[in-house]
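These notes are about the structure you will find just below.
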Amino acid sequence: ASAALGAAALPAARATGAEPALEVPAWTRTPGEPVLWHAYGQPDAHEAHVVRRTRGTAVLPGAASSLTPLQNLHGIITPTGLVFERHHAGIPQIDPAQHRLVVHGLVQRPLILSMDDLVRFPAVSRIHFLECSGNTGVEWRGAASTSIQQSHGLLSCCEWTGVRLSTILQEVGVDPAAAWVLAEGADGAAMSRSIPIAKAWEDALLVYAQNGEMLRPEHGYPLRLFLPGWEGNASIKWLRRLKLGAAPFMTREETSKYTDSLPDGKARQFTFTMEAKSVITYPAVDHRLRGRGYYEISGLAWTGQGRVKRVDVSTDGGASWREARLEGPVLDRALTRFRADWQWDGGPAVLQSRVTDETGYVQPTGRQLIAQRGLNSLYHYNAIQSWKVATDGSIANAQV
Amino acid sequence: ASAALGAAALPAARATGAEPALEVPAWTRTPGEPVLWHAYGQPDAHEAHVVRRTRGTAVLPGAASSLTPLQNLHGIITPTGLVFERHHAGIPQIDPAQHRLVVHGLVQRPLILSMDDLVRFPAVSRIHFLECSGNTGVEWRGAASTSIQQSHGLLSCCEWTGVRLSTILQEVGVDPAAAWVLAEGADGAAMSRSIPIAKAWEDALLVYAQNGEMLRPEHGYPLRLFLPGWEGNASIKWLRRLKLGAAPFMTREETSKYTDSLPDGKARQFTFTMEAKSVITYPAVDHRLRGRGYYEISGLAWTGQGRVKRVDVSTDGGASWREARLEGPVLDRALTRFRADWQWDGGPAVLQSRVTDETGYVQPTGRQLIAQRGLNSLYHYNAIQSWKVATDGSIANAQV
Amino acid sequence: QVYGLGKPGSPAAIAAWNIDVAPDGTGLPPGSGSVAAGQAVYAAQCAACHGAKGEGKPADALVGGLGTLATGKPVKTIGSFWPYATTVFDFIRRAMPYQAPQSLSADEVYAATAYLLHLNGIVPADAVLDATSLPQVRMPNRDGFVADARPDTASRPCLQCR
Amino acid sequence: QVYGLGKPGSPAAIAAWNIDVAPDGTGLPPGSGSVAAGQAVYAAQCAACHGAKGEGKPADALVGGLGTLATGKPVKTIGSFWPYATTVFDFIRRAMPYQAPQSLSADEVYAATAYLLHLNGIVPADAVLDATSLPQVRMPNRDGFVADARPDTASRPCLQCR
Ligand code: HEC
Ligand code: HEC
Ligand SMILES: [Ca+2]
Ligand SMILES: [Ca+2]
Ligand SMILES: [Ca+2]
Ligand SMILES: [Ca+2]
Ligand SMILES: [Ca+2]
Ligand SMILES: [Ca+2]
Ligand SMILES: [Co+2]
Ligand SMILES: [Co+2]
């Protein structure tokens with residue numbers, strides 16, 4: 001069915017009743033704050049609501065997460081101060097001069113590298129998304145979140161700069177028997193994951209800078225692993241050690257924790273890839289429409305498999321679809337902003353987006369996911385999201 | 001002459017004398033700070049030196065500038081807290097609910113737009129550099145700066161989101177006689193510039209978000225003009241008014257201020273374009289090399305005319321050149337990070353970079369600029385920069 | 001496409017913000033000001049920053065510099081450099097005095113403009129400026145501006161090096 | 001290409017950080033611990049967060065859940081879910097007790113592991129674990145894990161809509 005979204009140009013009647021005569025405001029009648037008011041800048045006081053938030057309260061707030069306020073963001077870059085957090089034993093405060101990276105195990109020349117050493121190697125910069133495998137997990141058992149920050153906020157996108165892990169593997173000389181790499185953090189959890197060596201050679205990065213500046217404490221200062229397109233927990237923060245081995249190390253994080261339970265009681269292990277996903281960030285459950293007329297639907301699409309190929313949007317709950325505009329550049333394993341025109345006629349509507357990635361993978365419905373995986377998987381819920389618009393302009397999270 | 005930069009793989013002798021036995025540091029032996037330690041994140045305390053700075057002190061610090069610490073940055077995105085400032089009457093603190101944009105003059109439907117109105121229009125996001133026409137102006141009369149922050153720090157690059165000015169021009173209906181647009185700020189300077197209407201149609205943006213979040217106060221909150229590739233002062237901040245006219249308005253900023261004096265006493269006017277420029281940001285005057293061996297030369301190149309096509313680097317003061325690697329994506333009128341391998345043999349060296357843009361324009365030498373424009377131009381100094389490395393690893397600003 | 005957003009900007013609604021003045025005088029308000037009145041405005045509102053006689057310090061010099069533009073040390077002031085007298089009015093009205101922009105009456109702005117033009121030897125001591133006379137003032141450096149002539153450097157990469 | 005940066009990582013230099021334990025027991029340190037000793041360690045160091053008998057609250061339950069994995073409410077604990085006993089040792093050594101990670105001796109970690117395995121009915125009350133015996137403990141859910149089978153949803157865009 002061909003959709004009529006925005007096809008009919010039906011502008012809202014321009015507000016009549018002229019604006020009251022403009023006055024010269026106080027801030028024009030006086031000089032403002034001096035240069036270097038903040039040597040390191042801060043958001044305006046009117047944006048104080050744009051902050052990370054948690055989901056409920058954690059008994060031990062070091063083993064918890066905070067979420068990115070996607071409802072307030074624009075474009076694809078997440079400002080670093082709003083990039084989501086997930087810690088297992090809080091945020092260590094590391095002295096970068098004392099920090100070391102040990103690379104050992106099945107290698108010819110085990111090495112200890114300081115930060116001064118690491119920044120000397122050739123560097124690369126890449127814009128990539130980072131998503132927690134638990135993102136949107138609260139939606140497995142029905143529409144649960146009343147904010148897109150709660151449902152989809154374990155998601156961010158930054159420019160990462162660091163050294164290719166392959167550069168370091170060449171530096172140490174890899175034993176042919178090596179098949180897995182243990183990555184370990186210097187935090188109180190000594191957080192650890194086993195990574196297949198193919199990923200280490202292919203595109204893994206040892207990152208020290210994020211959006212131009214050194215990493216922040218909560219994102220792994222002074223060094224983290226970064227695995228493009230893979231679940232966030234595997235991109236070990238505060239990275240202190242890489243050990244090459246012949247088999248996976250079977251840490252708690254890849255046995256007890258980040259595995260996906262199936263209805264038959266088995267659990268999928270090493271489910272690293274973040275499959276293609278999209279969500280409309282405006283208008284979303286956080287917003288309210290002010291009357292009928294033109295709205296630009298805007299959202300984010302991404303895939304751990306490469307590039308977004310197309311995004312379709314629906315305003316009738318999936319009965320009809322229409323291709324959205326993709327904002328360029330469409331980058332490999334980065335957020336892609338999509339936009340579509342919409343004339344709201346004032347009636348009920350259900351807004352959805354559906355991404356197709358360059359491998360041909362199409363974002364599934366929740367029903368499709370549940371049919372395959374049941375309700376106990378916790379992770380990797382990448383279903384089409386529905387926002388239900390009521391005639392009064394209010395918007396609800398819905399599963400249709 | 002073909003250069004030997006890095007061609008010979010001469011690794012520094014790996015430091016002998018094993019690292020003292022590693023101890024488990026205090027930050028691993030205790031849980032760290034809780035999630036939401038900062039609901040809006042901050043840099044690590046060890047990075048407190050990475051801040052904006054001024055050049056000297058201004059008598060009236062509202063009419064001044066601050067500079068971006070390029071010596072500490074990575075990649076192409078400038079974190080918003082470090083984006084340089086230039087104000088003419090300080091930073092106004094504007095209530096976005098009361099802010100308005102007036103669009104009038106030679107138009108069919110003069111309009112008053114609130115921020116709520118503006119964010120309703122279709123949006124675009126673009127990654128572009130912003131550079132002050134005065135950037136590097138201190139170098140016209142000889143090597144003056146002892147920090148790249150001082151010499152080149154009126155330069156940043158962000159993702160900007162907003163409405164195409166062309167969308168607003170269509171909304172108001174442009175009179176065919178309109179040839180220039182006056183843009184005016186709501187600051188105490190009511191800062192104003194005349195913009196040719198062709199630029200307004202082509203790619204000018206009305207920007208409300210920068211690097212994903214709403215503009216910061218010092219960058220024009222809640223609304224600014226953004227003119228890709230043009231000198232920063234023309235991208236009027238705190239934008240309150242656009243007036244279409246048949247001729248330029250000849251404001252103080254385009255007569256007294258942002259004009260470029262020539263030796264014959266005439267001054268060039270409406271010199272908007274930022275011509276192609278590049279600079280090595282590491283190793284630069286702010287750094288010191290720790291012994292011979294491998295270094296990656298890294299820098300930034302950009303052009304107001306489109307895309308960077310190539311960057312060449314020299315380590316012998318321009319006697320020989322070698323092509324640098326360009327970090328992708330190479331975007332239209334955005335900073336482009338370049339990198340080149342260098343084996344420092346411990347001898348004196350002069351590091352230079354030279355950009356060629358897609359129009360074929362090649363970054364000039366200081367001598368070429370002075371031959372054309374003399375020494376009184378103040379603005380638009382885009383010469384090749386030289387960093388002189390001494391045998392002790394110290395680095396000086398030099399003109400060779 | 002028209003989106004139908006915003007409100008009409010009637011002349012009355014936008015009047016307080018519509019302050020620009022063009023070289024032909026468009027935008028100049030009713031009112032007038034003499035050099036003598038300007039001297040008083042200047043002494044009270046401007047001299048602290050621009051010097052008793054416009055010689056500058058701490059802020060810009062507003063007087064002098066005639067004949068210096070083609071020298072090694074050009075002194076660029078209203079008198080030596082600014083091409084239009086209307087710009088003086090426009091800038092003072094929108095931005096000065098620095099600590100209280102847009103606080104002067106039209107008469108005060110005309111007067112301050114007249115005084116500064118007089119200090120620069122451009123109008124006589126008995127001059128009175130208004131919407132008619134101000135645009136007729138011809139500034140010494142009226143023809144001092146040329147168009148952007150860039151690109152003006154023709155570098156080519158060293159062919160040997162390619 | 002080799003850049004020659006860094007310092008050699010001799011076994012002695014990295015020993016304090018080289019704490020991982022593999023399923024085959026590689027990495028297990030000398031020492032041993034009994035269920036009885038573990039009961040004391042657990043009561044002193046662990047019970048406050050994981051419950052007197054490992055039933056959980058405020059932190060994870062460490063005991064129980066056998067037979068629940070294929071139900072609508074799987075209870076995933078060391079006993080019901082973890083495939084390797086070595087992982088219990090590895091995790092306690094690196095991360096527990098939460099407020100003082102890496103503070104336990106090897107004997108204490110062996111003991112706490114033995115006690116938790118006993119509470120889960122996996123080792124007898126007189127068990128003593130060390131580098132030889134621990135890897136030989138067979139966990140109930142040893143074969144409970146399967147490989148990633150994604151993509152497992154085969155959506156195709158509606159052809160009518162294209
Ligand atoms: C508190 C200090 C202060 C006072 C008082 C002040 N000014 Fe200024 N004036 C400045 C500053 C600072 C600037 C430069 C502003 C900028 O950077 O754009 C300036 C700039 C100017 C300029 C532009 C100079 C040029 O060469 O571009 C003129 C003209 C001017 N002032 C006139 C006046 C007049 C007339 C008054 C009184 C009605 C006045 N000023 C009062 C501080 C002051
Ligand atoms: C101060 C509270 C606290 C104390 C004391 C504590 N733990 Fe924990 N424990 C936690 C928390 C919180 C987690 C979850 C950490 C995470 O999110 O990664 C945890 C997780 C665990 C797990 C993994 C559970 C799973 O299902 O993945 C084990 C096993 C464990 N603790 C054992 C112990 C032992 C043994 C001790 C004593 C030696 C101990 N804990 C003491 C708080 C505590
Ligand atoms: Ca908003
Ligand atoms: Ca890149
Ligand atoms: Ca550094
Ligand atoms: Ca774009
Ligand atoms: Ca001046
Ligand atoms: Ca558990
Ligand atoms: Co997974
Ligand atoms: Co210019």
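Here is how names work: the chains are called A, B, and so on, in the same order as the sequence lines, proteins then strands, and each is numbered from 1.
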| message | Under a 3.5 Å distance rule, please check whether R53(A) uses its side chain to pair with a backbone N or O of L36(B) as donor and acceptor. | response | no
| request: Identify which of P222(A), A186(A), A58(A) forms the greatest number of heavy-atom pairs closer than 4.5 Å to chain B. | output: A186(A)
| note | Comparing R339(B), H87(B), M214(B), E213(B) against chain A, the one with the most heavy-atom pairs below 4.5 Å turns out to be R339(B)
| said: For R100(A), which atoms come within 4.5 Å of any heavy atom of chain B: side chain, backbone, both, or neither? | reply: side chain
| request: Could you tell me whether E47(A) and R216(B) have a side-chain N and a carboxylate O separated by less than 4.0 Å? | output: no
| message | Has E33(B) got a side-chain atom pairing as donor or acceptor with I91(A)'s backbone, closer than 3.5 angstrom? | response | no
| note | Turns out that what part of Y208(A) lies under 4.5 Å from chain B's heavy atoms comes down to side chain
| How about Q170(A): does its CD atom have over 12 heavy atoms from other parts shown lying under 6.0 Å from it? | yes
| remark: Nearest heavy-atom approach of G293(A) to R120(B) is C-NH2, 4.0 Å
| What part of S65(A) lies closer than 4.5 angstrom to a heavy atom of chain B: side chain, backbone, both or neither? | backbone
| Contact part of V102(A) toward chain B, heavy-atom cut-off under 4.5 Å: side chain, backbone, both or neither? | side chain
| said: Would you compute the distance between atom CD of Q98(A) and atom CD of E23(B) and round it to the nearest 0.5 angstrom? | reply: 9.5 Å
| Please walk me through it: do Y40(A) and Q42(B) pass side chain to side chain donor-acceptor pair (under 3.5 Å)? | CA-CA 9 Å; Y40(A) 191 97; Q42(B) 302 299 322; over 6 Å; no
| message | side chain to side chain contact (heavy atoms under 4.5 Å, CB included) for H74(B) and W160(A)? Distances and angles first, verdict last. | response | CA-CA 9 Å; H74(B) 306 267; W160(A) 310 92; over 6 Å; no
| query | Where does D44(A) contact chain B at under 4.5 Å (heavy atoms): side chain, backbone, both or neither? | reply | both
| note | The interface call for A123(A) against chain B, heavy-atom contacts under 4.5 Å, is both
| task | Heavy atoms only, distances under 4.5 angstrom: which of T80(B), L22(B), D95(B) has the most pairs with chain A? Name it, please. | result | D95(B)
| task | Look at atom CZ of R164(A) and say whether more than 12 heavy atoms of other residues, nucleotides or ligands are closer to it than 6.0 Å. | result | no
| request: Answer with side chain, backbone, both or neither: which region of T161(A) has an atom nearer than 4.5 Å to a non-hydrogen atom of chain B? | output: side chain
| field | Side chain, backbone, both or neither of A190(A) within contact of chain B (heavy atoms, under 4.5 Å) | value | neither
